[in-house]
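Just below is one structure, and these are the notes that go with it.
Because the structure is a prediction, the values reported are computed rather than measured. The residues of the chain are indexed from 1 along the displayed sequence. No hydrogens, no waters, no symmetry mates; every other heavy atom, side chains included, goes into these values.
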Amino acid sequence: MSQIDPVDHRVKHTSTIPANAGEEIELFVREYKGTGSGSTPKPVLMLHGRSVPALPGFDLVRPSQGSPPHPDTSYSWAQDLAGHHYDVYIMDLQGSGRSPRPKMDDPCNTNLAQRDLLKTNPGTGNCPPTAANYPHQLGNSKSEWDELSTVVKFIRARCNNEKIAFIGWSAAAFVMGPYTLQNPGHVESLFLLAPIFPPNGRWSTNTAAPFAPPPGTPLPTQPESKPPAAFGFPMNLTSKAGLQATISDEKLADDVWQAIMDSDSTGQKWGGATAGAPEGVMRWRNSYWWGWNTSTAPHGSTLGNAVPVCSSTGSRTERPTRRRRWGRCCTSPYRSSTRRSRAPRS
């Protein structure tokens, strides 16, 4: 498949994350235009999961190969869809990839259990020993629904107000699932790859307002999981070795890691055991989610009716004890036409 030129956007958004609430920030969105001039747009929006950012997950371009050399785009799901005449958009939420990462440039805000990864680069000797400098989770369901809503409006304005086909990986289900239930008029279809779905997950417990915050959640300040001592930080880390352990093809794992580093100019300077020679870490947000469980998913009989849904899981997907399937299909972000490899958990 030949490479398609992307257009990168910075979409203005007023943040509702407690750490930078009210600030105007810019969300990263990549676009691949697949429909021809004069054709009806067919927009698709791809959203990352908990840890792996959007571009390494959906638009992995491997180094040039062959003679003459050309980039290997066979692992770019986004470009493949664009080649089939879809208008593809890929977004990073705050705390991931190329969107802002409030409070995440401070190594002292790392998960305490992972702080040793930064002991040498950049160093954590001045960090409080038992807490983060910002002792709260970063985003929450409302802030992430708000960010998705901003990007949906941006895309529909560019695509003649056509509904958008959603594709979400892993924890993207917490964002795209409840958003779809609340805004079915914006969504053409919902495809969830290896989705996280906690049957008894947090919710408002109020059937009249199922997507309101759970009881006792102190919005708009800093909601956090309990106990705060275990969850009170905005950022998790994954080492290079940790990521590589999830992908059986070593060369592919190296290429995925490099793509992750290319999306994080700060994370690439952290980690490693040799001072001054960082190997990088993958930084990912710690979020507080609600509104996605067996009590909320049937809301309005939307899923599988007004909005078609396909849910796909694989052999490495963590499954809850109960799960609901609206369709059957199979795919993987790191799967080409000639090769299959295990995808890292997102």
Side-chain angles (χ1 to χ4, degrees), residues 1-6 8 28 30 32 46-84 88 90 92 96-98 114 117-118 120-121 167-172 193-194 236-274 276-284 312-318 330-346:
M1 182 178 68
S2 59
Q3 187 171 19
I4 304 171
D5 291 333
D8 289 345
F28 175 82
R30 173 163 289 182
Y32 285 106
M46 311 182 87
L47 179 63
H48 58 84
R50 181 173 54 183
S51 58
V52 177
L55 297 188
F58 296 120
D59 191 26
L60 180 66
V61 178
R62 304 185 69 187
S64 299
Q65 300 177 15
S67 180
H70 58 85
D72 177 2
T73 61
S74 63
Y75 285 81
S76 174
W77 191 0
Q79 293 191 46
D80 185 70
L81 285 171
H84 286 82
V88 182
I90 316 165
D92 280 318
S96 184
R98 303 188 183 194
Q114 300 165 345
L117 292 172
L118 307 182
T120 303
N121 298 303
I167 295 176
W169 180 11
S170 186
L193 173 65
N236 288 288
L237 304 176
T238 299
S239 66
K240 183 177 183 180
L243 187 282
Q244 289 174 324
T246 68
I247 304 176
S248 58
D249 183 320
E250 292 183 9
K251 184 62 174 70
L252 175 59
D254 286 342
D255 292 343
V256 172
W257 184 256
Q258 186 57 54
I260 292 169
M261 294 299 96
D262 289 344
S263 287
D264 187 358
S265 60
T266 296
Q268 64 184 240
K269 299 173 186 174
W270 289 5
T274 303
E279 68 173 17
V281 293
M282 178 169 66
R283 302 184 300 155
W284 43 285
S312 173
T313 59
S315 61
R316 292 177 61 85
T317 302
E318 293 184 2
C330 184
T331 188
S332 165
Y334 300 125
R335 179 184 185 183
S336 75
S337 59
T338 59
R339 179 182 301 177
R340 297 183 185 182
S341 292
R342 296 174 179 175
R345 288 191 297 178
S346 65

Could you report the tightest heavy-atom contact between [X] and [Y], atom names first, then the distance?
X      : Y      : answer
Ile4   : Ala82  : CD1-CB, 3.8 Å
Val281 : Gly271 : CG1-CA, 3.9 Å
Pro53  : Ser96  : CA-OG, 3.6 Å
Ala78  : Val88  : O-CG2, 3.6 Å
Pro56  : Ser263 : CD-OG, 4.0 Å

Any donor-acceptor N/O pair, [X] side chain to [Y] backbone, under 3.5 Å:
X      : Y      : value
Asn121 : Gly276 : yes
Gln268 : Met261 : yes
Gln114 : Asn236 : no

**Q.** Salt-bridge present (Asp92, Arg98; N to O < 4.0 Å)
**A.** no

Q: Could you please spell out the steps behind the side-chain contact (heavy atoms from CB on, under 4.5 Å) verdict for Gln244 and Val256?
A: CA-CA 9 Å; Gln244 289 174 324; Val256 172; over 6 Å; no

Q. Taking only residues two or more places apart in sequence or in another chain, which ones pass salt bridge (charged side-chain N to carboxylate O under 4.0 Å, His left out) with Asp8?
A. Arg30

(Q) Is the shortest side-chain heavy-atom distance between Ile167 and Leu81 below 4.5 Å? (A)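 Sidechains of Leu81 and Ile167: in contact.
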
Q) Between Leu252 and Arg62, is any pair of side-chain heavy atoms under 4.5 Å apart? A) yes

Supply the atom-to-atom distance [X] [atom1] to [Y] [atom2], rounded to the nearest 0.5 angstrom.
X      : Y      : atom1 : atom2 : value
Leu55  : Asp262 : CG    : CG    : 9.5 Å
Arg283 : Ser51  : CZ    : OG    : 14.0 Å
Met282 : Leu117 : CE    : CG    : 11.5 Å
Trp284 : Leu237 : CH2   : CG    : 9.0 Å
Ile260 : Trp257 : CD1   : CH2   : 6.0 Å
Asp254 : Leu243 : CG    : CG    : 10.0 Å

Q) Taking the inter-plane angle between the rings of Trp169 and Phe58 on a 0 to 90° scale, is it parallel (under 30°), tilted (30 to 60°) or perpendicular (over 60°)? A)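 Ring orientation, 0 to 90° scale: perpendicular.
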
Q.
Side chains of Asp59 and Tyr32 only: does a donor on one sit below 3.5 Å from an acceptor on the other?
A. yes

